[in-house]
Amino acid sequence: MKRFRRHGHESQRDRLKQELYQFNKTVEHGFPHQPSALGYSPTLQLLAIGTRSGAIKLYGAPGVEFMGLHDENATVTQVHFLPHQLEMVTLLDDNSLHMWTLRAHQGVSELLEIGRFTLTGPPGAPPSVTRVPGFRELEERNISVEEVQNSVPEDYVGRRNLESVEALQENPLNPRQVVLGYGRGLMVLWDLDSKRAVQLLQGTQQLESVWWMPDGSQIISSHSDGGFCRWTVTGKGSLQEPDEQDTPYGSFPCKAISKIVQLPNAEGPPFLVFSGDPTALVVLVEEELVVVDLLTDGWPVIQTPYLVPLHCSAITCSHHVSCIPLKLWERVLAAGALQSTHYSGRLWPVNGGQNLAPDPPQRDLLLTGHEDGTVRFWDASGVCLYPMYKLGTAGVFHTDADFNDNMNQGADGEWPPFRKVGNFDPYSDDPRLGIQKIHLCKYSGYLAVAGTAGQILMMELNDEPAEQVVEASLVDLLQGQEGFRWKGHARLEVREEPWKLVAFGTSHGFGLYDYLQRSPVLVRCTLNPSDQLAMEGPLSRVKSIKKSLRQSFRRIRRSRVSMRKQHANNAAKLQELNARLEAELQEMELAPVQRKIEARSSDDSFTGLVRTLYFADSFLSDAAHSTPSLWAGTNGGSVFAYILRIPPVERRTEDPVTAHPAKEIQLMHRAPVVGLVVLDGHGAPLPEPLEVAHDLSRSPDMQGSHHLLVVSEEQFKLFTLPKVSAKMKLKLTAMEGSRVRRVGVAWFGSSRVEEYGESGLVVLTNQGDLNVLSLPGIKMQVQYPCIRREDVSGIASCVFTKHGQGFYLISPSEFERFSLSARWLVEPRCLVEVPPRPSASARGPPPRSEPDGVPTERSGHKSAGGGGESSARRVMEHALLNDEQVLQEIQKSLEGDQMTYLENNMKGLSAGGMVMSNGE
């Protein structure tokens with residue numbers, strides 16, 4: 001019998017899918033991984049950070065963010081903005097220059113690469129002059145090492161090698177003069193017109209940086225021994241000693257001063273700093289960005305609205321809560337404000353561009369658990385992931401950590417008198433403090449936090465600080481089981497419900513605790529007798545290794561005894577194996593899309609590991625009466641259901657809560673159960689009970705029959721309630737061994753009809769693919785590649801929201817945000833406009849407020865180059881993780897004639913431009 005598609009229905013459903021689902025990677029939260037360069041534009045008020053993976057990121061006012069990626073997998077060593085223009089130039093460690101521009105398109109700015117040029121010679125070679133933006137080398141202005149050596153006395157050249165060029169600076173009053181700084185400490189003032197040295201500055205320490213004073217009278221150099229020197233510009237050709245030498249912190253050598261800047265101050269002596277601005281000092285270190293307020297006494301730190309080091313302590317878990325009530329939101333903000341009194345009250349100084357993104361439609365929280373036992377609350381409503389509150393759990397326990405260490409003060413008499421600033425502190429003195437699971441009830445304000453050592457904390461948000469005695473209760477999951485020795489830390493699962501109950505699960509079982517009466521309700525051991533590793537503890541491997549060795553030797557002895565008997569049958573067995581292999585290959589060719597689900601042995605280790613817990617008010621005993629229930633799924637494909645008898649409100653503090661076993665399901669293929677969802681009579685997932693109580697969700701349909709959806713690693717199966725009979729199932733499509741790793745329920749609103757929407761099951765596989773399944777039909781709707789399958793940590797860190805978005809770690813310090821919804825999209829929408837140009841009559845030598853290497857203005861242009869939409873977002877995570885194969889493919893696809901690329905992208909640019917020099 002032939003089946004015919006109903007094309008009208010299919011096309012209508014396809015159109016509806018386009019209105020519901022759309023995959024986008026929208027924004028990256030956190031601190032760039034492995035930063036390598038910092039640039040700043042005083043005119044645009046933009047900050048640029050380059051990384052070792054070739055990424056370039058621009059930041060302005062909160063919400064103003066841009067990201068680009070060089071095609072080459074090379075380190076960005078320098079970033080320079082062109083004054084009063086929307087262009088910037090990046091230098092990579094492969095000796096290539098790249099031109100970028102901020103071009104307006106449909107009302108918003110985009111960061112585009114519009115040109116590239118490869119400098120001659122290796123990095124650190126003698127300087128060459130390149131005209132920007134054409135990136136055409138002006139060979140007649142190049143400075144060769146032979147020319148410099150001819151200008152240096154023979155006794156100096158004979159004794160020393162000039163080494164590489166470490167610094168290059170232009171005379172602020174005469175752009176035809178530059179100072180060349182070499183690694184051994186020699187600095188040469190070079191005249192570009194006469195091609196000769198006009199002055200030689202002889203340093204004795206390795207050179208790190210130079211700064212030419214704005215009035216042109218002095219040069220300041222910093223060195224590797226922690227000292228700096230001042231030199232007077234005289235124009236005399238002989239070797240000159242420094243006028244002043246100083247080591248800021250003592251007579252003993254210190255760490256190298258990699259950057260030095262002196263800036264004038266109208267109200268007093270000039271600022272002498274290693275980098276920065278007269279009003280604020282911006283310090284980029286490997287793991288965070290610190291901005292110091294130089295106008296306030298004590299120089300406090302300005303709190304950053306973005307670029308916050310999420311990994312100040314390693315992230316161990318995360319939890320997202322959507323649609324936070326205003327009252328709870330304000331209480332969290334108030335608690336966080338009490339922790340921020342040490343920050344400066346000044347506004348964030350980097351405020352370039354306009355944030356055009358609409359206000360977030362709701363308030364969302366992202367909670368991250370950390371290795372040091374802290375839980376951090378982040379405002380995840382918009383583009384900026386803003387810190388709101390930090391909760392510490394270490395003070396509850398007796399540990400080896402010292403919590404009285406004041407990070408903001410140095411010890412009395414300590415020299416140098418440095419003050420510790422910043423938040424990055426990755427060290428944890430006690431691994432038992434690590435947070436494994438978090439659950440926040442946004443209506444009651446209760447927070448459940450579970451740690452690696454089996455501890456579970458129940459906390460309630462309090463508006464006033466108070467001392468609280470924490471009462472401890474011990475729950476024995478093993479119930480006296482013999483032969484067990486605790487040797488390590490197990491993973492915990494936590495759920496918290498309005499019934500004042502908390503459920504927890506480990507590798508040994510699960511339990512239910514009444515934190516209102518502070519007494520255990522249920523304890524169930526799920527250990528299988530064959531769970532030898534679980535019985536011995538995760539870290540007790542010696543016994544298992546010895547047993548394995550004994551078994552191996554026994555097999556060898558048995559094989560030697562029977563070797564002669566087996567020799568005669570080897571040929572027959574080989575033919576049989578070949579025939580079996582051919583049959584399996586034919587079966588694979590006949591069914592390439594879907595594989596068989598093979599039953600797993602109950603002897604597999606850790607079958608009792610509890611993978612998921614779920615509370616539901618549904619029908620378990622009969623179809624007429626609904627009751628609260630607790631469901632638990634294990635690693636061995638078992639599902640346990642318990643009916644909960646909860647006393648009425650007036651007797652809740654007196655009568656005990658009881659739990660009675662009701663149902664038990666054993667999946668035939670024994671695949672781990674990773675998710676459980678109960679659907680109401682309309683096929684919609686049950687809402688949280690307090691959502692209905694607060695009129696934030698419609699009441700579930702309790703008239704029709706309910707269904708239980710069991711999600712295992714390999715299939716989705718729907719059961720009817722209360723009979724628990726299988727109704728339908730969907731095997732996971734997997735040509736390469738896909739397994740479900742993360743699952744969540746989300747609401748997808750239509751982008752065309754505001755009143756329409758559908759619930760869907762969002763699934764992340766171990767291949768890094770995102771799937772959306774319809775409910776209750778469990779049919780595949782869309783599939784998108786999201787995470788590289790080699791990125792195991794990224795897949796493990798993924799968390800879904802209830803509106804079709806998600807987060808996952810692309811590096812230890814960055815979350816990638818993505819969206820599956822066509823309606824809800826959080827992404828930067830910003831505009832950077834061309835700053836006003838100074839008039840020709842007023843144009844002169846501009847004030848020097850740029851760091852080393854930024855040229856002074858000669859002539860300007862407005863970008864009109866071409867170029868398509870940047871593909872940086874699609875390949876950013878690959879570069880961060882150094883995916884060599886992907887980057888090679890990208891490079892091959894972009895190979896071609898450099899000059900042809902340049903001509904195609906530079907049409908319309910004026911012939912005049914900026915003069916850039918090779919070097920710092």
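Judged purely by atom type and a 3.5 angstrom limit, Thr247 has no side-chain atom pairing as donor or acceptor with the backbone of Gly227. Counting only distance, with no hydrogens or angles, the side chain of Thr296 and the backbone of Trp299 share no donor-acceptor pair below 3.5 Å. In this structure, the side chain of Gln85 does not engage the main chain of Leu82 through any donor-acceptor pair within 3.5 Å. Judged by distance alone, with hydrogens and angles left aside, the side-chain atoms of Ser221 form no donor-acceptor pair with the main-chain N or O of Val210 at under 3.5 Å. No side-chain donor-acceptor contact under 3.5 Å links Ser340 to the backbone of Tyr343. Although no hydrogens or angles enter the test, the distance criterion places a donor-acceptor pair under 3.5 Å between the side chain of Glu147 and the main chain of Ser144.
Under 4.0 Å is where a charged nitrogen must lie from a carboxylate oxygen, and between Glu28 and Lys57 at least one such pair does. Between Asp193 and Arg176, at least one side-chain nitrogen of the basic residue sits less than 4.0 Å from a carboxylate oxygen of the acidic one, meeting the salt-bridge criterion. Here Arg346 pairs with Asp293 in a salt bridge; the nearest charged N to carboxylate O distance falls below 4.0 Å.
Between the side chains of Gln205 and Arg184, no donor-acceptor pair of N or O atoms lies under 3.5 Å. Side-chain N/O atoms of Asp243 and Thr232 include a donor and acceptor closer than 3.5 Å. A side-chain donor from one of Thr90 and Trp100 sits under 3.5 Å from a side-chain acceptor of the other. When only modelled atom types and interatomic distance are considered, Glu87 and Thr101 share a side-chain donor-acceptor pair under 3.5 Å. The closest side-chain donor-acceptor pair between Ser164 and Glu166 falls under 3.5 angstrom. Gln199 and Gln240 share a side-chain donor-acceptor pair at under 3.5 Å.
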Go through it in stages, so that I can follow the logic: the residues are Ile143 and Val148, the test is side-chain contact (heavy atoms from CB on, under 4.5 Å), and I'd like the CA-CA distance, side-chain angles, deciding distance and then a yes or no.
CA-CA 8 Å; Ile143 306 172; Val148 177; 3.7 Å; yes
Worked check of side-chain contact (heavy atoms from CB on, under 4.5 Å) between Glu241 and Gln202:
CA-CA 6 Å; Glu241 299 291 334; Gln202 182 177 353; 4.0 Å; yes
Is there a side-chain contact (heavy atoms from CB on, under 4.5 Å) between Gln206 and Glu208? Walk through the geometry before answering.
CA-CA 7 Å; Gln206 180 177 336; Glu208 295 288 334; 3.9 Å; yes
Do Val179 and Trp190 pass the side-chain contact (heavy atoms from CB on, under 4.5 Å) test, and can you show the C-alpha distance, the side-chain angles, and the key distance before you say yes or no?
CA-CA 6 Å; Val179 57; Trp190 189 264; over 6 Å; no
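The two atoms that bring Leu173 and Asn171 nearest to each other are N-OD1, 3.0 Å, heavy atoms only. Of all non-hydrogen atoms in Pro32 and Leu307, the two that sit nearest each other are CD-CD2, 3.3 Å. Contact detail for Val188 and Ala197: the closest heavy-atom pair is CG1-CB, 3.6 Å. Val291 approaches Pro349 most closely through the heavy-atom pair CG1-CG, 4.1 Å. Here the shortest heavy-atom pairing between Val285 and Phe31 reads O-CZ, 3.7 Å. The minimum heavy-atom distance linking Val79 with Ala48 is given by the pair CG1-CB, 3.7 Å.
Note that OG1 of Thr75 is 4.0 Å distant from CG of Asp93, once rounded to the nearest 0.5 Å. Taken from CD in Glu65 to CG in Leu47, the straight-line distance is 11.5 Å, to the nearest 0.5 Å. Here Gln169 contributes atom CD and Leu180 contributes atom CG; the two are 11.5 Å apart, rounded to the nearest 0.5 Å. The distance from atom CD1 of Ile49 to atom CG of Leu289, rounded to the nearest 0.5 Å, is 5.5 Å. The CG atom of Leu200 sits 6.0 Å away from atom CG of Leu186, with the distance rounded to the nearest 0.5 Å. One distance of note links CG of Asn423 with CD of Glu287; it measures 12.5 Å at 0.5 Å rounding.
Between Ile219 and Arg230, every side-chain heavy-atom pair lies at or beyond the 4.5 Å cut-off. In this structure the side chain of Tyr182 never reaches within 4.5 angstrom of the side chain of Leu207, judged on heavy atoms. In this structure the side chain of Val233 never reaches within 4.5 angstrom of the side chain of Ser217, judged on heavy atoms. Side chains of Glu110 and Leu102 form no contact here, defined as non-hydrogen atoms less than 4.5 Å apart. Residues Thr51 and His33 are not in side-chain contact: their nearest non-hydrogen atoms beyond the backbone lie 4.5 Å or more apart. Contact of the Val89 side chain with the Leu91 side chain is not registered, since no non-hydrogen atoms from C-beta on lie closer than 4.5 Å. At least one side-chain heavy atom of Leu295 sits under 4.5 Å from a side-chain heavy atom of Thr279. Between Ile114 and Arg103 there is a side-chain heavy-atom pair separated by less than 4.5 Å.
Checking each of His70, Gln78, Arg116 against Leu92 for a side chain to side chain contact (heavy atoms under 4.5 Å, CB included) leaves exactly one that passes, namely His70.
Checked against a 6.0 Å centroid threshold, the rings of Tyr40 and Phe81 do not count as neighbours. Taking the six-membered ring where the residue is Trp, the centroids of Tyr306 and His29 are separated by 6.0 Å or more.
Residues satisfying the salt bridge (charged side-chain N to carboxylate O under 4.0 Å, His left out) test with Glu286, not counting sequence neighbours, are Arg52.
Between Phe424 and His311, the ring planes are tilted. Angles from 30° to 60° get that label.
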